[in-house]
Amino acid sequence: MKELDLTKGSVPKVLMQFAMPYLLANVLQALYGGADLFVVGRFDDAASVAGVAIGSQVMQTVTGIILGLTAGITVLIGIATGARDEKKAAATIGSAVWLFAIIGAVLTLLMTVWHDTIATAMHTPPEAMTDTRYYLLICSLGIPFIIGYNVVFGIMRGLGDSRSPLYFVALACVINIVLDFVLVGGCHMRAAGAATATIASQGISFAAALCYLHRKGFRFPFTRRDIRLNGILSKRIIKLGTPIALQDALINISFLIITVIVNRMGVTASAALGVVEKLIVFAMLPPVAISSAVAAMTAQNYGAGLTDRMNRCLKSGIGMALVFGTAFCIYSQFLPETLMGIFTNDAPVIELGAEYLHGYSIDCIIVSFVFCINSYFSGQGNSLFPMVHSLIATFLFRIPLSWIFSHIAPTSLFPMGFAPPLATMVSLAICLWYLKIWQKRQASSGIRAEC
(Lines give C-alpha, C1' and ligand atoms only; values in the text may rest on other atoms or scores of the structure.)
Protein backbone atom coordinates (compact mmCIF):
# COMPACT_ATOMS: atom_id res chain seq x y z
CA MET A 1 0.00 0.00 0.00
CA LYS A 2 1.22 3.52 -0.75
CA GLU A 3 0.78 5.38 2.51
CA LEU A 4 1.18 9.10 3.20
CA ASP A 5 2.76 10.47 6.35
CA LEU A 6 0.13 13.09 7.19
CA THR A 7 2.33 14.69 9.87
CA LYS A 8 4.87 16.12 7.40
CA GLY A 9 4.95 18.42 4.40
CA SER A 10 2.79 21.32 3.21
CA VAL A 11 -0.65 21.05 4.84
CA PRO A 12 -2.74 22.03 1.76
CA LYS A 13 -0.65 19.82 -0.54
CA VAL A 14 -0.75 16.75 1.71
CA LEU A 15 -4.46 17.25 2.40
CA MET A 16 -5.22 17.48 -1.31
CA GLN A 17 -3.03 14.44 -2.08
CA PHE A 18 -4.97 12.41 0.46
CA ALA A 19 -8.39 13.87 -0.32
CA MET A 20 -8.36 13.51 -4.12
CA PRO A 21 -8.28 9.68 -4.25
CA TYR A 22 -10.88 9.74 -1.46
CA LEU A 23 -13.05 12.10 -3.52
CA LEU A 24 -12.73 10.04 -6.67
CA ALA A 25 -13.55 6.89 -4.70
CA ASN A 26 -16.63 8.55 -3.20
CA VAL A 27 -17.74 9.77 -6.63
CA LEU A 28 -17.49 6.24 -7.98
CA GLN A 29 -19.20 4.79 -4.91
CA ALA A 30 -22.07 7.24 -5.30
CA LEU A 31 -22.45 5.99 -8.86
CA TYR A 32 -23.88 2.79 -7.37
CA GLY A 33 -27.12 4.45 -6.38
CA GLY A 34 -26.83 6.94 -9.22
CA ALA A 35 -26.38 4.24 -11.85
CA ASP A 36 -29.30 2.30 -10.39
CA LEU A 37 -31.56 5.32 -10.61
CA PHE A 38 -30.24 6.35 -14.03
CA VAL A 39 -30.77 2.95 -15.65
CA VAL A 40 -34.16 2.36 -13.98
CA GLY A 41 -35.23 5.85 -15.04
CA ARG A 42 -34.35 5.03 -18.65
CA PHE A 43 -36.03 1.61 -18.85
CA ASP A 44 -38.88 1.70 -16.31
CA ASP A 45 -41.71 3.89 -15.04
CA ALA A 46 -42.01 6.38 -12.15
CA ALA A 47 -43.09 3.59 -9.78
CA SER A 48 -39.82 1.73 -10.32
CA VAL A 49 -37.83 4.96 -9.93
CA ALA A 50 -39.64 5.68 -6.66
CA GLY A 51 -38.98 2.10 -5.48
CA VAL A 52 -35.23 2.42 -6.06
CA ALA A 53 -35.19 5.93 -4.56
CA ILE A 54 -37.02 4.88 -1.37
CA GLY A 55 -35.11 1.61 -1.03
CA SER A 56 -31.72 3.23 -1.56
CA GLN A 57 -32.62 5.93 0.98
CA VAL A 58 -33.22 3.22 3.59
CA MET A 59 -30.00 1.41 2.66
CA GLN A 60 -28.14 4.70 2.81
CA THR A 61 -29.22 4.91 6.45
CA VAL A 62 -27.81 1.43 7.10
CA THR A 63 -24.61 2.27 5.23
CA GLY A 64 -24.33 5.49 7.25
CA ILE A 65 -24.35 3.45 10.46
CA ILE A 66 -21.63 1.18 9.07
CA LEU A 67 -19.50 4.11 7.86
CA GLY A 68 -19.86 5.85 11.21
CA LEU A 69 -18.67 2.79 13.10
CA THR A 70 -15.77 2.19 10.70
CA ALA A 71 -14.73 5.82 11.25
CA GLY A 72 -13.76 4.64 14.73
CA ILE A 73 -11.26 2.26 13.09
CA THR A 74 -9.82 5.00 10.88
CA VAL A 75 -9.36 7.44 13.76
CA LEU A 76 -7.91 4.87 16.18
CA ILE A 77 -5.45 3.53 13.58
CA GLY A 78 -4.59 7.10 12.57
CA ILE A 79 -3.75 8.08 16.16
CA ALA A 80 -1.67 4.91 16.61
CA THR A 81 0.14 5.56 13.32
CA GLY A 82 0.90 9.17 14.29
CA ALA A 83 2.27 7.97 17.61
CA ARG A 84 4.32 5.25 15.79
CA ASP A 85 2.64 2.55 17.89
CA GLU A 86 2.67 -0.38 15.44
CA LYS A 87 1.50 -3.00 17.94
CA LYS A 88 -1.60 -0.96 18.73
CA ALA A 89 -2.34 -0.46 15.03
CA ALA A 90 -2.09 -4.22 14.40
CA ALA A 91 -4.25 -5.04 17.43
CA THR A 92 -6.88 -2.51 16.31
CA ILE A 93 -7.11 -4.06 12.85
CA GLY A 94 -7.40 -7.57 14.29
CA SER A 95 -10.08 -6.59 16.76
CA ALA A 96 -12.05 -4.75 14.07
CA VAL A 97 -12.29 -7.93 11.99
CA TRP A 98 -14.16 -9.80 14.73
CA LEU A 99 -16.18 -6.83 15.89
CA PHE A 100 -17.61 -6.05 12.45
CA ALA A 101 -18.26 -9.70 11.66
CA ILE A 102 -20.63 -9.71 14.65
CA ILE A 103 -22.19 -6.38 13.68
CA GLY A 104 -22.70 -7.64 10.11
CA ALA A 105 -24.52 -10.77 11.24
CA VAL A 106 -26.88 -8.78 13.48
CA LEU A 107 -27.66 -6.10 10.89
CA THR A 108 -28.27 -8.65 8.14
CA LEU A 109 -30.72 -10.58 10.29
CA LEU A 110 -32.63 -7.48 11.40
CA MET A 111 -32.93 -5.94 7.93
CA THR A 112 -33.91 -9.22 6.26
CA VAL A 113 -36.67 -9.87 8.79
CA TRP A 114 -38.00 -6.29 8.84
CA HIS A 115 -37.60 -5.20 5.20
CA ASP A 116 -41.33 -5.51 4.45
CA THR A 117 -42.30 -3.61 7.61
CA ILE A 118 -39.83 -0.85 6.74
CA ALA A 119 -41.29 -0.46 3.25
CA THR A 120 -44.77 -0.11 4.75
CA ALA A 121 -43.60 2.31 7.44
CA MET A 122 -42.16 4.54 4.72
CA HIS A 123 -45.70 5.14 3.41
CA THR A 124 -44.43 3.93 0.06
CA PRO A 125 -46.93 4.72 -2.71
CA PRO A 126 -48.90 1.54 -3.62
CA GLU A 127 -47.55 1.60 -7.17
CA ALA A 128 -43.95 1.42 -5.88
CA MET A 129 -44.41 -1.06 -3.02
CA THR A 130 -43.33 -4.23 -4.86
CA ASP A 131 -40.18 -2.62 -6.26
CA THR A 132 -39.27 -1.17 -2.87
CA ARG A 133 -39.67 -4.52 -1.10
CA TYR A 134 -37.48 -6.38 -3.60
CA TYR A 135 -34.80 -3.69 -3.47
CA LEU A 136 -34.67 -3.74 0.35
CA LEU A 137 -34.65 -7.53 0.66
CA ILE A 138 -31.80 -8.08 -1.81
CA CYS A 139 -29.68 -5.25 -0.39
CA SER A 140 -30.29 -6.53 3.15
CA LEU A 141 -28.93 -9.94 2.22
CA GLY A 142 -25.80 -8.20 0.90
CA ILE A 143 -25.02 -6.26 4.11
CA PRO A 144 -21.98 -8.48 4.95
CA PHE A 145 -20.40 -7.32 1.67
CA ILE A 146 -21.19 -3.67 2.48
CA ILE A 147 -19.59 -4.00 5.91
CA GLY A 148 -16.49 -5.88 4.74
CA TYR A 149 -16.07 -3.41 1.89
CA ASN A 150 -16.09 -0.40 4.24
CA VAL A 151 -14.01 -1.98 7.01
CA VAL A 152 -11.14 -2.74 4.61
CA PHE A 153 -11.22 0.81 3.24
CA GLY A 154 -11.41 2.29 6.75
CA ILE A 155 -8.23 0.39 7.69
CA MET A 156 -6.41 1.55 4.57
CA ARG A 157 -7.33 5.20 5.12
CA GLY A 158 -6.36 5.09 8.79
CA LEU A 159 -2.90 4.01 7.66
CA GLY A 160 -2.71 6.97 5.29
CA ASP A 161 -3.59 5.08 2.09
CA SER A 162 -6.48 6.70 0.26
CA ARG A 163 -5.36 5.54 -3.19
CA SER A 164 -5.89 1.77 -2.96
CA PRO A 165 -9.61 2.08 -2.02
CA LEU A 166 -10.06 4.15 -5.19
CA TYR A 167 -9.03 1.24 -7.40
CA PHE A 168 -11.40 -1.21 -5.74
CA VAL A 169 -14.30 1.25 -5.80
CA ALA A 170 -13.60 1.80 -9.51
CA LEU A 171 -13.77 -1.96 -10.05
CA ALA A 172 -17.08 -2.16 -8.20
CA CYS A 173 -18.49 0.79 -10.11
CA VAL A 174 -17.74 -0.70 -13.52
CA ILE A 175 -19.25 -4.05 -12.53
CA ASN A 176 -22.33 -2.34 -11.09
CA ILE A 177 -23.02 -0.29 -14.21
CA VAL A 178 -22.58 -3.27 -16.53
CA LEU A 179 -24.88 -5.44 -14.40
CA ASP A 180 -27.45 -2.62 -14.18
CA PHE A 181 -27.80 -2.54 -17.96
CA VAL A 182 -27.86 -6.34 -18.17
CA LEU A 183 -30.32 -6.99 -15.35
CA VAL A 184 -32.55 -3.90 -15.60
CA GLY A 185 -32.31 -3.06 -19.30
CA GLY A 186 -31.81 -6.56 -20.70
CA CYS A 187 -33.59 -8.85 -18.23
CA HIS A 188 -36.23 -6.29 -17.18
CA MET A 189 -35.77 -7.08 -13.47
CA ARG A 190 -36.65 -3.48 -12.47
CA ALA A 191 -35.59 -2.52 -8.90
CA ALA A 192 -34.61 -6.11 -8.05
CA GLY A 193 -32.05 -6.04 -10.86
CA ALA A 194 -30.60 -2.75 -9.63
CA ALA A 195 -30.22 -4.12 -6.10
CA THR A 196 -28.61 -7.34 -7.35
CA ALA A 197 -26.12 -5.36 -9.43
CA THR A 198 -25.13 -3.20 -6.45
CA ILE A 199 -24.59 -6.07 -4.01
CA ALA A 200 -22.75 -8.26 -6.54
CA SER A 201 -20.34 -5.45 -7.41
CA GLN A 202 -19.57 -4.72 -3.77
CA GLY A 203 -19.00 -8.41 -3.03
CA ILE A 204 -16.53 -8.79 -5.90
CA SER A 205 -14.69 -5.59 -4.90
CA PHE A 206 -14.48 -6.73 -1.26
CA ALA A 207 -12.99 -10.07 -2.31
CA ALA A 208 -10.45 -8.32 -4.53
CA ALA A 209 -9.44 -5.95 -1.70
CA LEU A 210 -8.93 -8.87 0.70
CA CYS A 211 -6.67 -10.62 -1.82
CA TYR A 212 -4.70 -7.41 -2.25
CA LEU A 213 -4.21 -6.98 1.50
CA HIS A 214 -3.15 -10.61 1.84
CA ARG A 215 -0.48 -10.20 -0.84
CA LYS A 216 0.83 -6.75 0.11
CA GLY A 217 0.41 -6.87 3.89
CA PHE A 218 1.15 -3.90 6.17
CA ARG A 219 4.36 -2.01 6.90
CA PHE A 220 4.34 -3.53 10.40
CA PRO A 221 4.10 -7.15 11.59
CA PHE A 222 0.57 -8.53 11.41
CA THR A 223 -0.24 -12.21 11.93
CA ARG A 224 -3.28 -14.39 12.57
CA ARG A 225 -2.63 -14.04 16.30
CA ASP A 226 -3.52 -10.34 15.98
CA ILE A 227 -6.98 -11.26 14.68
CA ARG A 228 -8.79 -11.52 17.99
CA LEU A 229 -11.49 -9.58 19.80
CA ASN A 230 -9.70 -7.17 22.13
CA GLY A 231 -12.28 -5.87 24.59
CA ILE A 232 -10.54 -2.55 25.30
CA LEU A 233 -9.87 -1.71 21.65
CA SER A 234 -13.33 -2.84 20.58
CA LYS A 235 -14.87 -0.54 23.17
CA ARG A 236 -12.73 2.34 21.91
CA ILE A 237 -13.76 1.68 18.31
CA ILE A 238 -17.40 1.63 19.39
CA LYS A 239 -16.94 4.71 21.59
CA LEU A 240 -15.40 6.69 18.74
CA GLY A 241 -17.65 5.34 16.00
CA THR A 242 -21.03 5.19 17.73
CA PRO A 243 -21.62 8.97 17.97
CA ILE A 244 -20.72 9.31 14.29
CA ALA A 245 -22.90 6.31 13.40
CA LEU A 246 -25.81 7.67 15.45
CA GLN A 247 -25.37 11.08 13.90
CA ASP A 248 -25.44 9.67 10.37
CA ALA A 249 -28.25 7.25 11.19
CA LEU A 250 -30.49 9.85 12.81
CA ILE A 251 -29.83 12.37 10.05
CA ASN A 252 -30.71 9.70 7.49
CA ILE A 253 -33.78 8.84 9.55
CA SER A 254 -34.71 12.51 9.25
CA PHE A 255 -34.37 12.11 5.47
CA LEU A 256 -36.70 9.12 5.72
CA ILE A 257 -39.20 11.15 7.72
CA ILE A 258 -39.05 13.87 5.10
CA THR A 259 -39.52 11.17 2.45
CA VAL A 260 -42.64 10.01 4.30
CA ILE A 261 -43.93 13.61 4.31
CA VAL A 262 -43.33 13.92 0.57
CA ASN A 263 -44.67 10.43 -0.23
CA ARG A 264 -48.09 11.64 0.91
CA MET A 265 -47.97 14.07 -2.02
CA GLY A 266 -47.95 11.18 -4.51
CA VAL A 267 -45.58 9.13 -6.64
CA THR A 268 -44.42 12.11 -8.75
CA ALA A 269 -43.29 14.08 -5.71
CA SER A 270 -41.72 10.94 -4.27
CA ALA A 271 -39.71 10.35 -7.45
CA ALA A 272 -38.68 14.03 -7.57
CA LEU A 273 -37.43 13.91 -3.99
CA GLY A 274 -35.48 10.71 -4.72
CA VAL A 275 -33.75 12.26 -7.73
CA VAL A 276 -32.83 15.43 -5.82
CA GLU A 277 -31.43 13.38 -2.94
CA LYS A 278 -29.22 11.55 -5.44
CA LEU A 279 -28.03 14.86 -6.87
CA ILE A 280 -27.27 16.16 -3.39
CA VAL A 281 -25.33 12.99 -2.61
CA PHE A 282 -23.08 13.77 -5.57
CA ALA A 283 -22.85 17.46 -4.65
CA MET A 284 -21.83 16.58 -1.10
CA LEU A 285 -19.05 14.23 -2.23
CA PRO A 286 -16.28 16.87 -2.33
CA PRO A 287 -16.96 18.28 1.17
CA VAL A 288 -17.44 14.72 2.52
CA ALA A 289 -14.15 13.53 0.99
CA ILE A 290 -12.24 16.60 2.11
CA SER A 291 -13.69 16.42 5.62
CA SER A 292 -12.81 12.72 5.81
CA ALA A 293 -9.25 13.62 4.84
CA VAL A 294 -9.32 16.28 7.58
CA ALA A 295 -10.33 13.59 10.11
CA ALA A 296 -7.52 11.21 9.09
CA MET A 297 -4.93 13.99 8.98
CA THR A 298 -6.10 15.42 12.30
CA ALA A 299 -5.90 11.97 13.91
CA GLN A 300 -2.28 11.41 12.86
CA ASN A 301 -1.22 14.90 13.89
CA TYR A 302 -3.10 14.59 17.15
CA GLY A 303 -1.24 11.35 17.85
CA ALA A 304 2.01 13.19 17.09
CA GLY A 305 1.00 16.20 19.23
CA LEU A 306 1.08 18.74 16.35
CA THR A 307 -1.69 21.18 17.31
CA ASP A 308 -0.79 24.01 14.93
CA ARG A 309 -0.77 21.60 11.99
CA MET A 310 -4.23 20.30 12.94
CA ASN A 311 -5.62 23.84 12.94
CA ARG A 312 -4.08 24.63 9.55
CA CYS A 313 -5.56 21.41 8.22
CA LEU A 314 -9.04 22.55 9.30
CA LYS A 315 -8.71 25.92 7.54
CA SER A 316 -7.37 24.34 4.35
CA GLY A 317 -10.17 21.78 4.32
CA ILE A 318 -12.89 24.42 4.65
CA GLY A 319 -11.38 26.48 1.82
CA MET A 320 -11.22 23.49 -0.54
CA ALA A 321 -14.74 22.33 0.26
CA LEU A 322 -16.17 25.81 -0.35
CA VAL A 323 -14.92 25.84 -3.93
CA PHE A 324 -17.03 22.79 -4.82
CA GLY A 325 -20.06 23.69 -2.71
CA THR A 326 -20.32 27.22 -4.09
CA ALA A 327 -19.98 26.05 -7.71
CA PHE A 328 -22.82 23.50 -7.35
CA CYS A 329 -25.09 26.02 -5.64
CA ILE A 330 -24.61 28.65 -8.35
CA TYR A 331 -25.27 26.12 -11.13
CA SER A 332 -28.42 24.88 -9.36
CA GLN A 333 -29.87 28.37 -9.19
CA PHE A 334 -29.81 28.80 -12.95
CA LEU A 335 -30.00 25.32 -14.55
CA PRO A 336 -31.60 22.89 -12.07
CA GLU A 337 -33.66 21.20 -14.82
CA THR A 338 -30.49 20.02 -16.58
CA LEU A 339 -29.40 18.26 -13.39
CA MET A 340 -32.79 16.62 -12.89
CA GLY A 341 -32.75 15.51 -16.52
CA ILE A 342 -29.71 13.30 -15.83
CA PHE A 343 -31.89 10.83 -13.93
CA THR A 344 -35.36 11.16 -15.42
CA ASN A 345 -37.24 12.20 -18.55
CA ASP A 346 -40.55 12.69 -16.69
CA ALA A 347 -41.44 16.40 -17.04
CA PRO A 348 -43.56 16.70 -13.85
CA VAL A 349 -40.80 15.01 -11.85
CA ILE A 350 -38.21 17.41 -13.30
CA GLU A 351 -40.38 20.44 -12.50
CA LEU A 352 -41.00 19.48 -8.87
CA GLY A 353 -37.38 18.47 -8.33
CA ALA A 354 -36.04 21.73 -9.77
CA GLU A 355 -38.16 23.65 -7.23
CA TYR A 356 -36.70 21.64 -4.36
CA LEU A 357 -33.12 21.98 -5.63
CA HIS A 358 -33.20 25.79 -5.63
CA GLY A 359 -33.19 25.97 -1.84
CA TYR A 360 -31.49 22.68 -1.01
CA SER A 361 -28.36 23.53 -3.05
CA ILE A 362 -27.56 26.39 -0.64
CA ASP A 363 -26.85 23.74 1.97
CA CYS A 364 -23.79 22.64 -0.04
CA ILE A 365 -22.05 25.90 0.90
CA ILE A 366 -22.85 25.79 4.61
CA VAL A 367 -21.90 22.11 5.10
CA SER A 368 -18.41 22.92 3.83
CA PHE A 369 -17.80 24.51 7.23
CA VAL A 370 -19.78 22.05 9.35
CA PHE A 371 -18.38 18.83 7.85
CA CYS A 372 -14.76 19.92 8.26
CA ILE A 373 -15.29 21.15 11.83
CA ASN A 374 -17.00 17.85 12.71
CA SER A 375 -14.05 15.89 11.31
CA TYR A 376 -11.59 18.11 13.15
CA PHE A 377 -13.23 17.13 16.45
CA SER A 378 -13.70 13.46 15.50
CA GLY A 379 -10.03 13.17 14.53
CA GLN A 380 -9.13 14.10 18.10
CA GLY A 381 -11.43 11.46 19.53
CA ASN A 382 -14.30 13.87 20.26
CA SER A 383 -17.13 12.41 18.19
CA LEU A 384 -19.82 13.26 20.74
CA PHE A 385 -20.07 16.98 19.98
CA PRO A 386 -20.70 16.54 16.22
CA MET A 387 -23.53 14.16 17.07
CA VAL A 388 -25.14 16.51 19.61
CA HIS A 389 -25.30 19.62 17.44
CA SER A 390 -26.40 17.60 14.40
CA LEU A 391 -29.31 16.13 16.33
CA ILE A 392 -30.34 19.57 17.57
CA ALA A 393 -30.34 21.00 14.05
CA THR A 394 -32.04 17.97 12.52
CA PHE A 395 -34.83 17.21 14.95
CA LEU A 396 -35.54 20.69 16.28
CA PHE A 397 -35.27 22.54 12.98
CA ARG A 398 -34.97 20.48 9.77
CA ILE A 399 -37.87 18.07 10.26
CA PRO A 400 -40.28 20.62 11.83
CA LEU A 401 -39.47 23.17 9.11
CA SER A 402 -40.01 20.55 6.37
CA TRP A 403 -43.39 19.63 7.86
CA ILE A 404 -44.43 23.29 8.20
CA PHE A 405 -43.32 24.17 4.66
CA SER A 406 -45.11 21.11 3.23
CA HIS A 407 -48.37 22.42 4.69
CA ILE A 408 -47.73 25.98 3.54
CA ALA A 409 -47.33 24.77 -0.07
CA PRO A 410 -48.87 21.24 -0.32
CA THR A 411 -48.41 21.05 -4.10
CA SER A 412 -44.86 22.45 -4.32
CA LEU A 413 -41.45 21.38 -3.03
CA PHE A 414 -39.96 24.89 -3.30
CA PRO A 415 -40.42 26.01 0.34
CA MET A 416 -39.24 22.63 1.68
CA GLY A 417 -35.93 23.12 -0.12
CA PHE A 418 -34.95 25.83 2.36
CA ALA A 419 -35.35 23.63 5.45
CA PRO A 420 -31.90 21.94 5.09
CA PRO A 421 -29.79 25.15 4.81
CA LEU A 422 -31.71 26.82 7.64
CA ALA A 423 -31.08 23.81 9.90
CA THR A 424 -27.41 23.65 8.92
CA MET A 425 -27.02 27.33 9.83
CA VAL A 426 -28.00 26.36 13.38
CA SER A 427 -25.29 23.67 13.36
CA LEU A 428 -22.71 26.13 12.08
CA ALA A 429 -23.49 28.67 14.82
CA ILE A 430 -23.06 25.98 17.50
CA CYS A 431 -19.85 24.71 15.84
CA LEU A 432 -18.20 28.13 15.74
CA TRP A 433 -19.04 28.74 19.40
CA TYR A 434 -17.66 25.38 20.53
CA LEU A 435 -14.60 25.59 18.26
CA LYS A 436 -13.52 28.81 19.95
CA ILE A 437 -13.79 27.17 23.38
CA TRP A 438 -12.01 23.99 22.22
CA GLN A 439 -9.03 25.82 20.72
CA LYS A 440 -8.60 27.91 23.86
CA ARG A 441 -8.39 24.66 25.84
CA GLN A 442 -5.83 23.36 23.35
CA ALA A 443 -3.69 26.45 23.78
CA SER A 444 -3.64 26.06 27.55
CA SER A 445 -3.22 22.26 27.60
CA GLY A 446 0.42 22.31 26.59
CA ILE A 447 0.07 19.97 23.58
CA ARG A 448 3.22 20.21 21.47
CA ALA A 449 2.98 22.60 18.53
CA GLU A 450 4.62 21.85 15.21
CA CYS A 451 8.28 22.82 14.96
Side-chain angles (χ1 to χ4, degrees), residues 27 30 33-34 37-38 41 46 49-50 53-54 56-57 60 251-252 254-288 321-371 390 393-394 396-429:
V27 168
L37 205 61
F38 175 84
V49 172
I54 295 168
S56 61
Q57 186 69 61
Q60 187 176 319
I251 288 175
N252 278 307
S254 77
F255 292 159
L256 297 181
I257 293 172
I258 292 170
T259 301
V260 170
I261 294 172
V262 174
N263 282 350
R264 296 176 184 274
M265 298 169 65
V267 70
T268 300
S270 177
L273 178 72
V275 172
V276 172
E277 290 293 353
K278 288 299 177 189
L279 289 171
I280 292 298
V281 165
F282 279 100
M284 294 291 187
L285 290 179
V288 166
L322 276 172
V323 173
F324 294 97
T326 303
F328 180 81
C329 180
I330 292 174
Y331 188 94
S332 298
Q333 299 309 309
F334 296 98
L335 297 168
E337 294 85 2
T338 61
L339 295 174
M340 292 293 299
I342 296 173
F343 292 105
T344 180
N345 294 320
D346 193 313
V349 172
I350 291 175
E351 183 180 356
L352 277 177
E355 293 177 352
Y356 193 47
L357 196 56
H358 275 299
Y360 204 158
S361 60
I362 299 172
D363 201 37
C364 296
I365 296 176
I366 309 172
V367 299
S368 299
F369 293 91
V370 175
F371 285 1
S390 296
T394 299
L396 296 184
F397 292 89
R398 181 169 185 157
I399 293 175
L401 286 175
S402 296
W403 184 83
I404 291 170
F405 292 155
S406 71
H407 283 74
I408 291 175
T411 60
S412 172
L413 294 178
F414 179 74
M416 284 184 64
F418 290 93
L422 288 173
T424 307
M425 281 297 297
V426 174
S427 273
L428 179 57

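Everything numeric here is computed off the predicted structure, so don't read it as measured data.
Between the OG atom of Ser390 and the CZ atom of Phe371 there is a distance of 8.5 Å, given to the nearest 0.5 Å. How far SG of Cys329 is from OH of Tyr360: 13.0 Å, rounded to the nearest 0.5 Å. The CE atom of Met416 sits 11.0 Å away from atom CG of Leu352, with the distance rounded to the nearest 0.5 Å. The line from CG of Leu396 to CG of Leu401 is 10.5 Å long, rounded to the nearest 0.5 Å. Summarising the geometry, atom CE belonging to Met425 is positioned 9.5 Å from atom CZ belonging to Phe369; distances are rounded to the nearest 0.5 Å. A distance of 11.5 Å separates CD1 of Ile330 from CD1 of Ile362, quoted to the nearest 0.5 Å.
Among all heavy-atom pairs drawn from Met340 and Ala354, the shortest one is CG-N, 3.9 Å. Shortest non-hydrogen contact noted between Val367 and Pro287 is CG2-CG, 4.5 Å. Nearest heavy-atom pair, Ile261 versus Ser406, reported as atom, atom and distance to 0.1 Å: CG2-OG, 3.6 Å. The minimum heavy-atom distance between Ile365 and Thr326, with the atom names listed, is CG1-CA, 3.8 Å. When all heavy atoms of Ser402 and Ala419 are compared, the pair lying nearest together is OG-CB, 3.4 Å. In terms of heavy-atom proximity, Phe414 sits nearest to Glu355 at CD1-O, 3.5 Å.
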Side chain to side chain donor-acceptor pair (under 3.5 Å) for Thr338 and Tyr331? Distances and angles first, verdict last.
CA-CA 10 Å; Thr338 61; Tyr331 188 94; 2.9 Å; yes
Quick one: do Ile280 and Phe328 satisfy side-chain contact (heavy atoms from CB on, under 4.5 Å)? Show the steps, please.
CA-CA 9 Å; Ile280 292 298; Phe328 180 81; 4.1 Å; yes
Walk me through whether Tyr356 and Leu273 qualify under side-chain contact (heavy atoms from CB on, under 4.5 Å).
CA-CA 8 Å; Tyr356 193 47; Leu273 178 72; 3.3 Å; yes
Steps toward side-chain contact (heavy atoms from CB on, under 4.5 Å) verdict (Phe397, Thr424)
CA-CA 9 Å; Phe397 292 89; Thr424 307; over 6 Å; no
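When side chains are defined from C-beta on, Val426 does not count as touching Arg398, because their heavy atoms never get closer than 4.5 Å. No side-chain heavy atom of Phe405 sits under 4.5 Å from any side-chain heavy atom of Leu413. Taking the side chain as every heavy atom from C-beta outward, Phe324 and Leu285 never approach each other to under 4.5 Å.
With hydrogens and angles disregarded, a donor-acceptor distance shorter than 3.5 Å links the side chain of Ser361 to the backbone of His358.
Using a 30° and 60° split on the angle between ring planes, His407 and Trp403 fall in the tilted class, from 30° to 60°.
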